[in-house]
2 protein chains.
Amino acid sequence: MTPAKPRKNPGDLQLAILDHIWQHREATVAAVHRALWDERQLAPTTIATMLTKMEKRGLVTHRTEGRTYIYRALVERTEVCFDMVTDVVDRAFEGRAADMVSMLLREGEFDPDELDSLRSLLAERLAQRDTGDTGAAADDPEGES
Amino acid sequence: MTPAKPRKNPGDLQLAILDHIWQHREATVAAVHRALWDERQLAPTTIATMLTKMEKRGLVTHRTEGRTYIYRALVERTEVCFDMVTDVVDRAFEGRAADMVSMLLREGEFDPDELDSLRSLLAERLAQRDTGDTGAAADDPEGES
DNA sequence: TGATTAGTACTACCTAGGTAGTATTCGACT
DNA sequence: AGTCGAATACTACCTAGGTAGTACTAATCA
C-alpha cells in the first residue's frame with residue numbers, strides 16, 4: 001500500500017529543540033546545543049543535522065548572520081501541542097476527547113488548585129452550552145443584524 | 001549519544017491490529033486482515049510481519065492451532081492508551097496533566113452529555129481532595145481503626 | 001496421489017527520527 | 001598572510017514502523 005500518511009508530530013529531540021526556540025524566539029545551533037547539554041550530551045552536529053531536517057520538514061526556518069544560521073520556529077507551541085493531543089485522541093480514543101479527559105481525570109495526578117481551575121473551565125463550557133454560545137464570536141456582540 | 005530510549009507506544013497499524021485483538025480476545029492473521037480491509041488495503045503478509053514484530057516487542061503472543069497462529073494481546077487497551085496519553089503529557093505539557101486537560105477543555109469538541117459526565121468526574125475528584133480520600137481505599141471504610 | 005491453497009518464514013525496502021564523524025569554508029586573530 | 005577555530009555541508013548508521021514479495025510447508029481436495 002501507499003507509504004503511510006506522513007506523521008506530522010515532531011520527535012523528542014525536535015520537541016526539545018523547538019522548546020528552546022520557542023522560549024527565545026530565535027536560536028543558533030550552538031545555543032541549542034548548550035541549552036540541551038544538561039539533559040542530553042549530544043554532539044553539536046546532531047543539533048545541526050536535526051535543525052536541517054526540521055527546516056526541510058517546515059518546522060523551522062533560518063536567516064543568516066555572518067555565516068551563522070539563526071533559526072526561528074514556523075510552528076507555534078500551542079499548535080504543535082494541540083496536534084499531538086489530537087493525534088492521541090484520534091488514535092487511542094477514536095476521536096472522543098471526552099474519553100481522554102475522563103481517563104486523565106480518573107487516573108491523572110492533579111494538584112488541588114489545578115482541580116479548581118479545571119472546574120472553572122468546565123463551568124465555562126457548561127455555561128456556553130446552556131446559552132448556546134460557542135465562544136467563537138465572543139468579541140462580536142452584534143453578530144447578525 | 002546512546003540510541004535514545006525505546007519508545008513504547010505502538011504505531012498506527014499496530015494499534016489497529018491490537019484494536020481488533022482487544023475486541024475479539026484472539027485473532028488470526030487472516031481475521032485481522034479481513035477486519036482492516038475496509039480501512040486500508042494491506043497485503044496479508046503485512047499483517048503477519050507486523051504481528052511478528054509486535055510479538056518480538058512483547059505486545060502480543062500466540063498459540064498454534066494446526067499451522068495457524070492465534071494471537072492474543074499481552075497488553076491491555078487501557079494500559080496502552082494511558083501510556084500514550086502519559087507520553088504526550090510528558091512531552092508536550094512537561095508532565096502537567098492539568099495543562100493538557102485545560103487545552104482539551106478549551107479547544108476540544110464535546111457533546112453536552114459528555115460535559116455532564118466530566119463534571120461528575122471532576123466533582124468526585126474534588127470531593128476526594130476535600131476529604132483527603134485518595135479513592136485507593138474506597139472499599140475499606142474503616143481504614144485506620 | 002498429486003495439485004492447489006492457506007499460512008508462516010525470510011528477506012527486502014522505504015521513511016523518519018536520532019546521532020555523529022569528516023570535510024569544507026569563512027572569518028578572525030596573531 | 002597564515003593558521004586556527006567555528007559553522008555548515010555531506011555522508012553514514014542505527015532503530016522502528018510500515019509494506020510487501022518470494023519461498024517453503026503442510027493441509028486439503030479432486
Side-chain angles (χ1 to χ4, degrees), chain A residues 1-19 26-34 36-37 39-71 75 80 83-84 87 91-92, chain B residues 1-19 26-34 36-37 39-71 75 80 83-84 87 91-92:
Chain A
M1 185 163 179
T2 20
K5 80 195 82 111
R7 163 148 328 296
K8 187 90 159 40
N9 292 339
D12 260 5
L13 178 58
Q14 300 189 345
L15 213 46
I17 293 173
L18 278 174
D19 192 66
E26 290 187 325
T28 63
V29 168
V32 173
H33 179 244
R34 276 192 306 274
L36 296 190
W37 187 255
E39 301 281 317
R40 34 184 128 190
Q41 287 70 46
L42 295 172
T45 51
T46 300
I47 310 292
T49 304
M50 189 50 80
L51 274 165
T52 302
K53 289 185 176 181
M54 288 166 74
E55 185 159 32
K56 210 161 291 174
R57 212 150 172 33
L59 294 174
V60 299
T61 186
H62 78 272
R63 66 189 166 84
T64 308
E65 190 164 289
R67 32 197 236 89
T68 307
Y69 284 9
I70 300 183
Y71 288 91
V75 291
V80 169
D83 283 351
M84 290 174 70
D87 188 58
R91 285 156 41 84
Chain B
M1 197 186 167
T2 19
K5 80 195 77 109
R7 164 150 327 294
K8 189 135 186 319
N9 293 335
D12 259 6
L13 178 57
Q14 302 188 345
L15 257 188
I17 293 174
L18 279 175
D19 192 66
E26 290 187 324
T28 62
V29 168
V32 174
H33 180 244
R34 276 193 305 274
L36 296 189
W37 186 255
E39 300 281 316
R40 33 185 129 189
Q41 287 70 47
L42 295 172
T45 52
T46 300
I47 309 292
T49 305
M50 189 51 78
L51 273 166
T52 301
K53 290 184 176 183
M54 288 165 74
E55 185 159 33
K56 210 160 293 174
R57 214 150 156 6
L59 294 173
V60 299
T61 187
H62 78 272
R63 67 187 165 84
T64 307
E65 189 163 288
R67 21 250 104 259
T68 306
Y69 283 10
I70 300 184
Y71 288 92
V75 290
V80 169
D83 284 351
M84 291 175 68
D87 188 60
R91 285 156 41 84

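Order of the sequence lines fixes the chain letters, A, B, ..., with proteins taken first and strands second; residue numbering starts at 1 for each chain.
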In this structure, how many angstroms lie between the [atom2] atom of [N] and the [atom1] atom of [X], rounded?
| X | N | atom1 | atom2 | result |
| --- | --- | --- | --- | --- |
| B:Leu51 | C:dG7 | CG | P | 13 Å |
| B:Asp12 | C:dA16 | CG | C1' | 14 Å |
| A:Arg34 | D:dA7 | CZ | C1' | 13 Å |
| A:Leu59 | C:dG17 | CG | C1' | 12 Å |
| B:Leu13 | C:dC14 | CG | P | 20 Å |
| B:Ile17 | D:dT19 | CD1 | C1' | 11 Å |
| B:His33 | C:dG7 | NE2 | P | 12 Å |
| B:Glu55 | C:dC10 | CD | C1' | 16 Å |

Checklist entry - What do the steps show when you test B:Lys53 against B:Val60 for side-chain contact (heavy atoms from CB on, under 4.5 Å), and what is the final call? => result CA-CA 9 Å; B:Lys53 290 184 176 183; B:Val60 299; over 6 Å; no

Checklist entry - What class does the angle between the rings of A:Tyr69 and A:His62 fall in, given that below 30° is parallel, 30 to 60° is tilted and above 60° is perpendicular? => result parallel

Checklist entry - Does A:His33 have any side-chain contact (heavy atoms from CB on, under 4.5 Å) partners at least two apart in sequence or in another chain, and if so, which? => result A:Trp37, A:Pro44, A:Ile47

Checklist entry - Run the side-chain contact (heavy atoms from CB on, under 4.5 Å) check on B:Val75 and B:Asp83 step by step: do they pass? => result CA-CA 11 Å; B:Val75 290; B:Asp83 284 351; over 6 Å; no

Item to check | Sidechain N-carboxylate O distance under 4.0 Å for A:Glu65, A:Arg63 | outcome: yes

Item to check | Criterion side-chain contact (heavy atoms from CB on, under 4.5 Å) on B:Leu13 and B:Leu36, from CA distance to verdict | outcome: CA-CA 9 Å; B:Leu13 178 57; B:Leu36 296 189; 3.9 Å; yes

Checklist entry - Which part of the nucleic acid does A:Thr49 contact within heavy-atom distance under 4.0 Å: base, sugar-phosphate only, or nothing? => result base

Could you check whether any side-chain N or O of [X] sits under 3.5 Å from a backbone N or O of [Y], counting only pairs where one atom can act as donor and the other as acceptor?
| X | Y | value |
| --- | --- | --- |
| A:Gln14 | A:Met54 | no |
| A:Thr64 | A:Arg67 | no |
| A:Thr49 | A:Thr45 | yes |

Item to check | Proximal nucleotide (of D:dC10, C:dG7, D:dG18) relative to the B:Thr68 side chain | outcome: C:dG7

Checklist outcome for this item: Counting only Watson-Crick and G-U wobble pairs with both atom distances below 3.5 Å, the stems of 3 or more consecutive pairs that include DNA chain D are C:1-30 with D:1-30

Next on the checklist: Pick the closest DNA chain C nucleotide for A:Gln14 and for B:Tyr69 by heavy atoms, then say which residue is nearer the 5' end.
Outcome noted: B:Tyr69

Next on the checklist: Between A:Thr46 and B:Thr52, which residue's closest nucleotide on DNA chain C lies nearer the 5′ terminus?
Outcome noted: B:Thr52

Checklist entry - Where along nucleotides 23-30 of chain C does protein come under 4.0 Å, by heavy atom, of base (B) or sugar-phosphate alone (S), with - for untouched nucleotides? => result --BBS---

Checklist entry - Looking only at side-chain N and O atoms, does B:Arg57 come under 4.0 Å of OP1 or OP2 in D:dG17? => result yes

